[in-house]
Amino acid sequence: MELIIFLSAIIFWIIYYVFEGLHDTAFIKERDIIKEKVKEENYKSIDNRVKYYEKLWHRFDSFEKSLVKIVFSILVYLITDNILFSFQLLCLALTIRIIMHDLVVAIGLGKGINHIGPSQDIWWDSFLRKMNSAGINQYFIKAVPLITILLWVIYTL
């Protein structure tokens, strides 16, 4: 039973994060079109409010995604009566996200697979940029936790 749930969770989270990445890509493209069409002096007058709502949007999006992961983990626990396994699947969801979401957004924006988000206000993008400057590839940083979780789950199954 747990093997089926594990494999299903991998497929589910990959598809989930592809849709999340496409959603974010569409939002970014919409914002860029508006920014492109608004006169520069007008945009400067609203820039602080736009940044405020972008941070707020990211915060609420994080709450929404966290709720989905928590409920998913609780359901896995209720089905399997295995708290370790439900925690592992929570970690799996997080590690799949750090690869899939960023990859889908980068490709969707036409920036290439090595693109790192432009926001200095998002700690993850800032961290990846610092590591990239130090010569550490972002996919190495993203793959290590994913591989670790996958091996941990496989070992405990």
Side-chain angles (χ1 to χ4, degrees), residues 5-77 86-150 152-153:
I5 293 171
F6 172 60
L7 296 174
S8 299
I10 292 171
I11 294 167
F12 170 79
W13 289 118
I14 289 172
I15 293 169
Y16 182 87
Y17 292 126
V18 166
F19 286 133
E20 181 187 359
L22 292 172
H23 166 268
D24 289 358
T25 300
F27 180 80
I28 293 166
K29 286 181 177 181
E30 176 186 28
R31 184 200 61 204
D32 289 347
I33 289 170
I34 293 168
K35 190 175 179 180
E36 183 181 290
K37 297 299 179 185
V38 173
K39 291 181 182 176
E40 188 174 338
E41 62 272 4
N42 290 341
Y43 191 80
K44 284 181 180 178
S45 71
I46 63 169
D47 190 43
N48 286 336
R49 290 187 350 209
V50 168
K51 287 179 181 175
Y52 168 79
Y53 283 110
E54 184 174 357
K55 288 179 187 176
L56 193 61
W57 172 87
H58 275 103
R59 184 176 305 127
F60 285 131
D61 187 57
S62 295
F63 292 154
E64 172 191 339
K65 302 305 187 263
S66 297
L67 181 63
V68 169
K69 289 173 189 63
I70 290 167
V71 170
F72 181 86
S73 296
I74 290 169
L75 289 174
V76 168
Y77 172 71
S86 63
F87 175 73
Q88 288 172 320
L89 291 189
L90 174 65
C91 294
L92 178 68
L94 297 171
T95 58
I96 290 174
R97 184 197 188 280
I98 64 175
I99 291 179
M100 289 304 301
H101 173 269
D102 292 355
L103 185 61
V104 170
V105 170
I107 291 170
L109 294 176
K111 304 279 186 170
I113 63 171
N114 291 319
H115 171 71
I116 298 174
S119 180
Q120 298 299 329
D121 298 325
I122 299 174
W123 71 269
W124 180 246
D125 292 347
S126 297
F127 171 72
L128 290 176
R129 214 173 279 104
K130 285 177 187 172
M131 295 296 101
N132 191 52
S133 296
I136 303 172
N137 186 286
Q138 66 171 318
Y139 291 105
F140 177 78
I141 295 167
K142 294 172 180 181
V144 168
L146 177 61
I147 292 167
T148 302
I149 294 299
L150 287 171
W152 185 30
V153 174

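As the structure is a prediction and not an experimental result, all values here were calculated from the model.
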CZ of Phe19 to CG of Asp24: how many Å apart, nearest 0.5 Å?
13.5 Å
Carefully, step by step, assess Phe72 and Leu90 under the rule side-chain contact (heavy atoms from CB on, under 4.5 Å).
CA-CA 8 Å; Phe72 181 86; Leu90 174 65; over 6 Å; no
Starting from the C-alpha separation in whole Å, work towards a yes-or-no answer on side-chain contact (heavy atoms from CB on, under 4.5 Å) for Gln138 and Asn132.
CA-CA 7 Å; Gln138 66 171 318; Asn132 191 52; 6.0 Å; no
Is the backbone N or O of Ala93 less than 3.5 Å from a side-chain atom of Tyr16, with the two atoms forming a donor-acceptor pair by type?
no
Hey, can you tell me if Phe27 and Trp57 have their rings parallel, tilted or perpendicular (30° and 60° cut-offs)?
parallel
dist His101:NE2 -> Thr25:OG1 (nearest 0.5 Å) comes out at 7.0 Å
What I'd like to find out is whether the side chain of Val104 reaches to under 4.5 Å of the side chain of Glu20, using heavy atoms alone.
no
For residues Leu22 and Val105, determine if any side-chain heavy atom of one lies less than 4.5 Å from a side-chain heavy atom of the other.
no
Could you report the tightest heavy-atom contact between Ser73 and Ser86, atom names first, then the distance?
O-CB, 3.2 Å
Does NZ or CZ of Lys130 lie under 6.0 Å from the centre of the six-membered ring of Phe127, at an angle within 45° of the ring axis?
no
Approximate separation, where rounding is to 0.5 Å, of Ser66 OG and Lys69 NZ
6.0 Å
Do Lys142 and Asp102 come within less than 4.5 Å of each other through their side chains, counting heavy atoms only?
yes
If you take all heavy atoms of Gly112 and Ala106, which pair is closest and at what distance?
O-CB, 3.3 Å
Going by the angle between their ring planes, with limits at 30° and 60°, are Tyr17 and Trp13 parallel, tilted or perpendicular?
parallel
Atom pair CG/CG of Asn114 and Asn137 - distance to nearest 0.5 Å
6.5 Å
Within a strict 4.5 Å, meaning less than it, do heavy atoms of the Leu150 and Ile10 side chains meet?
yes
Does atom NE2 (His23) have a neighbourhood of more than 12 heavy atoms from anything else shown, all under 6.0 Å?
no
Do Leu92 and Val153 pass the side-chain contact (heavy atoms from CB on, under 4.5 Å) test, and can you show the C-alpha distance, the side-chain angles, and the key distance before you say yes or no?
CA-CA 9 Å; Leu92 178 68; Val153 174; 5.5 Å; no
Would Ile98 and Trp124 count as a side-chain contact (heavy atoms from CB on, under 4.5 Å) here? Give the steps.
CA-CA 9 Å; Ile98 64 175; Trp124 180 246; 4.1 Å; yes
How many angstroms lie between atom CG of Leu89 and atom CG of Leu75, to the nearest 0.5 angstrom?
11.5 Å
State the CG-CD1 distance between Leu128 and Ile136, to the nearest 0.5 angstrom.
10.5 Å
Compare all side-chain heavy atoms of Thr148 with those of Val144 and state whether any distance is below 4.5 angstrom.
yes
